[in-house]
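On a predicted model such as this, the values are computed, not experimentally measured, just so you know. Lettering follows sequence order; numbering is per chain, from 1.
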Number of protein chains: 2
Amino acid sequence: MDQLSLTFHALSDPTRRAILMRLASGDATVNELAEPFDLRLPTVSKHLKVLQEASLVSQTREAQRRHCHLEAKALKEVADWVWSYRTHWEESFDRLNAFLGDIEAAGKASKN
Amino acid sequence: MDQLSLTFHALSDPTRRAILMRLASGDATVNELAEPFDLRLPTVSKHLKVLQEASLVSQTREAQRRHCHLEAKALKEVADWVWSYRTHWEESFDRLNAFLGDIEAAGKASKN
DNA sequence: TTCTTATTTTACCGATCAGCTAATTAGCCA
DNA sequence: TGGCTAATTAGCTGATCGGTAAAATAAGAA
């Protein structure tokens with residue numbers, strides 16, 4: 001599978017996005033990451049595996065503990081991909097603005 | 001399912017991303033979209049349904065034809081989400097720069 | 001009305017997904 | 001060694017996925 005598909009798939013799960021958000025505030029062990037969820041440890045472990053395969057998270061070992069770290073580079077690749085569509089949402093924004101402009105103009109015209 | 005999960009899931013398939021890229025260059029019918037792929041029409045039709053449920057594509061009917069249109073607003077929501085992690089990839093960029101700076105400094109020092 | 005074109009719906013298949021429990025690995029400590 | 005803690009692996013389930021063929025729907029054309 002290509003990198004972008006792996007990344008988008010990893011991000012398509014709310015639990016995995018929550019894990020990323022948690023890691024944005026600092027590294028954490030698997031147990032710490034699992035704590036806020038109503039999920040068994042193997043489930044969280046599996047989610048972490050998906051995030052690692054998408055290069056969104058890395059782990060370093062210290063004794064039995066695994067310290068998980070957010071790898072933002074993969075997120076930047078998503079940002080770059082989606083950014084290439086920027087002109088399209090700016091276009092619709094322009095069309096909306098033009099439409100609202102027309103309404104305003106019509107409103108002013110009706111007052112004269 | 002929440003909007004972001006729908007959108008990320010829709011984007012996790014390369015065929016669907018290719019469809020979006022094609023639509024970025026202009027509206028197209030279902031048959032036109034299917035043409036470059038080695039896929040049956042129902043398959044493409046299903047992909048389009050996923051994209052529509054994620055609000056990434058809209059359709060308007062003209063006779064039998066369905067004209068598909070890229071809806072970039074959903075992409076902007078992805079951009080906004082991923083943009084909130086900006087500081088993290090800038091951080092690692094800074095760390096890389098600092099590292100390269102150190103190497104450069106060490107190189108210059110060794111020449112003296 | 002029948003034919004053709006455009007597209008969706010239905011029903012099926014094998015693969016993958018997210019969750020679970022139970023068992024296993026790995027490393028610390030007594 | 002044996003036990004405790006941290007985490008993964010193995011194996012199961014039901015749901016969803018991406019693909020198919022075949023049938024149904026919709027609307028213009030003959």
Open item on the list: How would you summarise protein contacts on nucleotides 7-12 of chain C per nucleotide, using B for base, S for sugar-phosphate only and - for none, with heavy-atom distances below 4.0 Å?
Closed with: BBB-B-
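- Per the geometry, CD1 belonging to Ile19(B) stands 12 Å off C1' belonging to dG18(D), to the nearest Å.
- Whole-Å rounding puts the Asp13(A) CG to dA15(D) C1' distance at 14 Å.
- Atom CD in Glu53(A) sits about 14 Å away from atom C1' in dT9(D), given to the nearest Å.
- Both Ala63(B) and Thr43(B) lie near DNA chain D, and the one whose nearest nucleotide falls closer to the 5' end is Thr43(B).
- By the neighbour-count criterion of 12 heavy atoms within 6.0 Å, atom CZ of Arg40(A) is sparsely surrounded, having that number or fewer from other residues, nucleotides or ligands.
- In this entry the distance linking CG of Leu39(A) with P of dA18(C) reads 11 Å, nearest Å.
- Checking the phosphate oxygens (OP1, OP2) of dA21(D), a side-chain nitrogen or oxygen of Arg40(B) falls inside 4.0 Å.
- Between atom CG of residue Asn31(A) and atom CZ of residue Arg66(A) there is a gap of 11.5 Å, rounded to the nearest 0.5 Å.
- One interatomic measurement links the two molecules: CG of Leu51(B) to C1' of dC17(D), which rounds to 14 Å at whole-angstrom precision.
- When only modelled atom types and interatomic distance are considered, Glu71(A) and Ser55(A) share no side-chain donor-acceptor pair under 3.5 Å.
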Open item on the list: Apply side chain to side chain contact (heavy atoms under 4.5 Å, CB included) to residues Val57(B) and His69(B) and explain how you reach the verdict.
Closed with: CA-CA 5 Å; Val57(B) 163; His69(B) 177 77; over 6 Å; no
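- Between dG19(C) and His47(A), a contact under 4.0 Å exists linking OP1 or OP2 to a side-chain N or O.
- When the shell of 6.0 Å around CE of Met21(B) is examined, it contains 12 or fewer heavy atoms from other residues, nucleotides or ligands.
- For the pair Arg16(B) and dG18(D), the criterion of a side-chain N or O lying under 4.0 Å from OP1 or OP2 is met.
- One can place CD of Glu62(A) at 18 Å from P of dT5(D), the figure rounded to the nearest angstrom.
- Ring planes of Phe8(B) and Phe8(A): tilted class, angle from 30 to 60°.
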